Amino acid sequence: MTSDKEETSFKLRVYAITRMIPRGKVATYGQVATLAGSAGAARACGHVLRHSAGEGLPWQRVINAQGRISGGGDVHRPLLQRQLLEAEGVVFRRSGSCDMKVYGWEGPCQRLKWE
DNA sequence: CTGATGACGGTGC
DNA sequence: GGCACCGCCATCA
């Protein structure tokens, strides 16, 4: 492993970051984009995450900055996401949003190698 | 290379 | 708190 040419792709970085999100915590697309090395690419993160469905990634822990769940056309996606998060300890308010101040992931707490 | 799209983010009303 | 517009970046045709 080590190297060389894999994690150099934005898509691969998003995969790695999404996998390092601790259980019971949630990260925003912007957060993942920033950690991936491209701040502001929140939209691009959505593209990657959308394609990641089925890749064995905890995509459910990745939500928007509003603490809300997106779904993009599908109806089972946001519903399933909320169930998975609740199963991990995340509580959603009546508005359908979660408290990012409590469940918001602060980051890997360590320097990423691609930084 | 250009254009269009998209699971976003922020600001303004 | 909700809705609307613009801007951001990456991927696909």
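Letters A, B, ... are given to chains in the order of the sequence lines, protein chains preceding strands, and every chain is numbered from 1. Here the structure is a predicted model, which means the values were calculated and not measured.
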Item to complete: Measure from CZ on Arg94(A) to C1' on dG1(C) and round the result to the nearest Å.
Response: 13 Å
Worksheet item: Is a salt bridge present between Lys25(A) and Glu88(A), judged by a nitrogen-to-oxygen distance below 4.0 Å?
Response: no
Worksheet entry | Test item: Val26(A) and Val62(A) side chains (from C-beta on) under 4.5 Å apart, heavy atoms | no
Worksheet item: Hey, is the side chain of Arg68(A) poking within less than 4.0 Å of OP1 or OP2 on dG2(C), counting only N and O atoms?
Response: yes
Item to complete: Evaluate the side chain to side chain contact (heavy atoms under 4.5 Å, CB included) criterion for residues Gln81(A) and Trp59(A): first the C-alpha distance (whole Å), next the side-chain angles of each, then the deciding distance (0.1 Å), finally the verdict.
Response: CA-CA 8 Å; Gln81(A) 188 163 12; Trp59(A) 54 272; 3.8 Å; yes
Discussion item. For Gly71(A), is there any backbone N or O sitting under 3.5 Å from a side-chain donor or acceptor partner on Arg77(A)?
Written reply: no
Worksheet, complete the sentence: 5'-most contact on DNA chain C (nearest-nucleotide basis), Ser95(A) vs Ala41(A), goes to Ser95(A)
Worksheet item: Any donor-acceptor pair under 3.5 Å linking the side chain of Ser38(A) with the backbone of Ala41(A)?
Response: no
Response to the item:
Given protein heavy atoms under 4.0 Å, the one-letter contact record of nucleotides 7-13 of chain B, with B base, S sugar-phosphate only and - none, is simply BBSS---
Worksheet entry | Expected output: side-chain Arg61(A) to main-chain Ile21(A) donor-acceptor under 3.5 Å | yes
Worksheet item: Whole Å only: how far is the CZ atom of Arg13(A) from the C1' atom of dT11(C)?
Response: 15 Å
